[in-house]
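Single-structure report; data block below.
Computed from heavy atoms alone, side chains included, the values below leave out hydrogens, waters and symmetry copies.
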Amino acid sequence: MEEASDAVFYPILLQMEHLRCIVIGGGRIAERKIRGLLEAGAKVHVVSSDYSPQIDQWIAEGRITDRNRTYQPGDLKGAQIVFAATDSEVVNERVSIDAHALGILVNVASSSRSSNFVNVSTMRRGKLIISVSTSGASPEVAKRIVSEIEAQYGEAYEIYLDVLADLRHMIQRSIPDAGVRRQLMKQMLEMNWLEQIEQGVFPPADSGWMEKWIKEQIAVIE
């Protein structure tokens, strides 16, 4: 169980694509870390003398690289982020010390006090990401809160945010007047599109639909 930390954490969303991430460990916890890193597009290298079947499969598919042995000094070379996820607290602490000495971000699965960042429980609905952390006090409580949030924000939010993002980009590209852009963006947030999406009656939000909506709103503004 991860222990609570007295540190005050600064929450961020990190672009992981192409970052070199090293995971020390080959069991269930390491597998969970690797899965999340692959979903984020990170370049993953794993070091362990034993691997779970899933990690073995990722290696065979060429999705991750590996060094099939126990952790040794120098294994963190070139890493930008490190995860210590072995079943040995001694090894995890050694990884933490080495990472700190090199100025590398490190997460130690068995000890938030040895980490300079912690993972959070997360709910994803496409572009919507809501993360919850208890700063290591109780990961299970964080998971429970995320489950409650999931019940409030359904799958419709994924489509809704895609519509808002596409429309916002079109407004930015096609409307030179900053004041008009602000009014259009305020207006689109007041539309009942989310409700229509939930009911399955929202029209396809293609470029033609967006152009028509913008023209209609500009006519009202003017």
Side-chain angles (χ1 to χ4, degrees), residues 9-21 31-44 54 57-58 61-64 80-81 107 117-135 139-222:
F9 292 98
Y10 181 79
I12 63 171
L13 291 175
L14 185 63
Q15 169 58 265
M16 298 291 287
E17 190 171 5
H18 305 312
L19 288 186
R20 179 170 171 77
C21 303
E31 180 182 316
R32 188 170 68 245
K33 302 289 187 184
I34 293 171
R35 187 184 303 278
L37 291 170
L38 289 175
E39 289 174 354
K43 295 173 62 177
V44 181
Q54 179 61 74
Q57 182 178 335
W58 284 327
E61 294 172 346
R63 298 187 65 189
I64 64 176
Q80 293 164 295
I81 297 179
N107 172 266
F117 80 95
V118 295
N119 290 120
V120 296
S121 294
T122 302
M123 183 216 77
R124 292 177 180 268
R125 293 282 187 261
K127 293 180 175 63
L128 176 63
I129 301 173
I130 300 177
S131 296
V132 177
S133 173
T134 60
S135 299
E140 293 305 316
V141 168
K143 291 177 183 178
R144 186 175 67 191
I145 293 172
V146 167
S147 295
E148 294 171 356
I149 292 172
E150 286 177 334
Q152 298 178 48
Y153 295 89
E155 299 294 338
Y157 274 88
E158 181 170 351
I159 300 172
Y160 177 57
L161 286 177
D162 284 342
V163 171
L164 293 184
D166 291 343
L167 185 55
R168 181 171 179 268
H169 291 155
M170 179 173 283
I171 291 170
Q172 290 175 326
R173 291 194 309 267
S174 61
I175 306 300
D177 188 295
V180 174
R181 288 200 302 268
R182 285 194 297 270
Q183 290 185 65
L184 288 173
M185 291 181 187
K186 179 181 178 181
Q187 183 60 26
M188 70 182 186
L189 295 178
E190 296 176 356
M191 306 300 291
N192 66 338
W193 294 336
L194 179 60
E195 181 181 343
Q196 292 177 25
I197 292 169
E198 290 173 336
Q199 296 173 353
V201 297
F202 189 74
D206 54 21
S207 59
W209 177 88
M210 290 188 289
E211 289 173 357
K212 179 182 178 183
W213 184 85
I214 291 172
K215 289 179 180 178
E216 290 174 347
Q217 300 308 309
I218 289 177
V220 173
I221 293 171
E222 294 177 344

Would you sort out whether Lys212 and Lys215 count as a side chain to side chain contact (heavy atoms under 4.5 Å, CB included), showing the intermediate values?
CA-CA 5 Å; Lys212 179 182 178 183; Lys215 289 179 180 178; 5.9 Å; no
Decide yes or no on salt bridge (charged side-chain N to carboxylate O under 4.0 Å, His left out) for Glu39 and Arg35, but give the supporting numbers first.
CA-CA 6 Å; Glu39 289 174 354; Arg35 187 184 303 278; 5.6 Å; no
Using side chain to side chain contact (heavy atoms under 4.5 Å, CB included), reason through Val141 and Val132 one step at a time and then give a plain yes or no.
CA-CA 9 Å; Val141 168; Val132 177; over 6 Å; no
Determine whether Lys33 and Val44 satisfy the following criterion, side chain to side chain contact (heavy atoms under 4.5 Å, CB included), listing intermediate values before the conclusion.
CA-CA 10 Å; Lys33 302 289 187 184; Val44 181; over 6 Å; no
Before you tell me yes or no, could you show the steps for Leu37 and Ile64 under side chain to side chain contact (heavy atoms under 4.5 Å, CB included), namely the whole-Å CA-CA distance, both residues' side-chain angles and the distance that decides it to 0.1 Å?
CA-CA 10 Å; Leu37 291 170; Ile64 64 176; over 6 Å; no
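Applying the side-chain contact (heavy atoms from CB on, under 4.5 Å) criterion to Glu190, with sequence neighbours excluded, gives Lys186, Gln187. With sequence neighbours left out, the side-chain hydrogen bond (donor to acceptor under 3.5 Å, both in side chains) criterion links Gln152 to no other residue. Every residue was checked against the side-chain hydrogen bond (donor to acceptor under 3.5 Å, both in side chains) condition with Ser147, not counting sequence neighbours, and none meets it. For Glu61, the side-chain contact (heavy atoms from CB on, under 4.5 Å) partners at least two apart in sequence or on another chain are Gln57, Trp58, Arg63. Thr122 meets the side-chain contact (heavy atoms from CB on, under 4.5 Å) test with Val120, Arg124, Ile129, Ser131; sequence neighbours excluded. Scanning for side-chain hydrogen bond (donor to acceptor under 3.5 Å, both in side chains) contacts around Asp162 gives Lys127, with sequence neighbours left out.
Pairs of residues two or more places apart, or lying in two chains, that qualify as salt bridge (Lys or Arg N to Asp or Glu O under 4.0 Å) and include a residue from residues 144-157 are Arg125-Glu155. Sorted pairs that involve residues 170-182 and meet side-chain hydrogen bond (donor to acceptor under 3.5 Å, both in side chains), not counting sequence neighbours, are lacking altogether. Residue pairs meeting the ring-ring contact (aromatic ring centres under 6.0 Å, His included) criterion with at least one partner in residues 154-178, sequence neighbours excluded, are Tyr153-Tyr157.
To the nearest 0.5 Å, atoms CD1 (Ile81) and CG (Leu14) are separated by 5.0 Å. Atoms CD1 and CG, from Ile221 and Leu184 in turn, are 4.5 Å apart once rounded to the nearest 0.5 Å. If you take SG on Cys21 and CD on Gln80, they are separated by 7.5 Å, rounding to the nearest 0.5 Å. Note that CD1 of Ile149 is 9.5 Å distant from CG of Leu128, once rounded to the nearest 0.5 Å. Remark: Gln217 CD to Ile171 CD1 distance equals 9.0 Å, nearest 0.5 Å. Rounded to the nearest 0.5 Å, atoms CE (Met191) and CG (Leu164) are 11.0 Å apart.
Closest non-hydrogen pair, Val146 versus Met123, comes out as CG1-CB, 3.9 Å. The heavy-atom pair separating Ala142 from Ser121 by the smallest distance is CB-OG, 3.6 Å. Listed here is the closest heavy atom pair of Met210 and Met170: CB-SD, 3.6 Å.
Shown are Met16, Gln15, Glu17; of these, the side chain to side chain contact (heavy atoms under 4.5 Å, CB included) with Leu19 is made only by Met16.
Surrounding CZ of Arg168 are at most 12 heavy atoms belonging to other residues, nucleotides or ligands under 6.0 Å away.
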Under 3.5 Å, which donor-acceptor pairs do the side chains of residues 195-207 form with other protein atoms, sequence neighbours left out?
residue, atom, partner, partner atom, Å
Glu195, OE2, Gln199, NE2, 3.3
Gln196, NE2, Asn192, OD1, 2.6
Asp206, OD1, Gly208, N, 3.4
Asp206, OD1, Trp209, N, 2.8

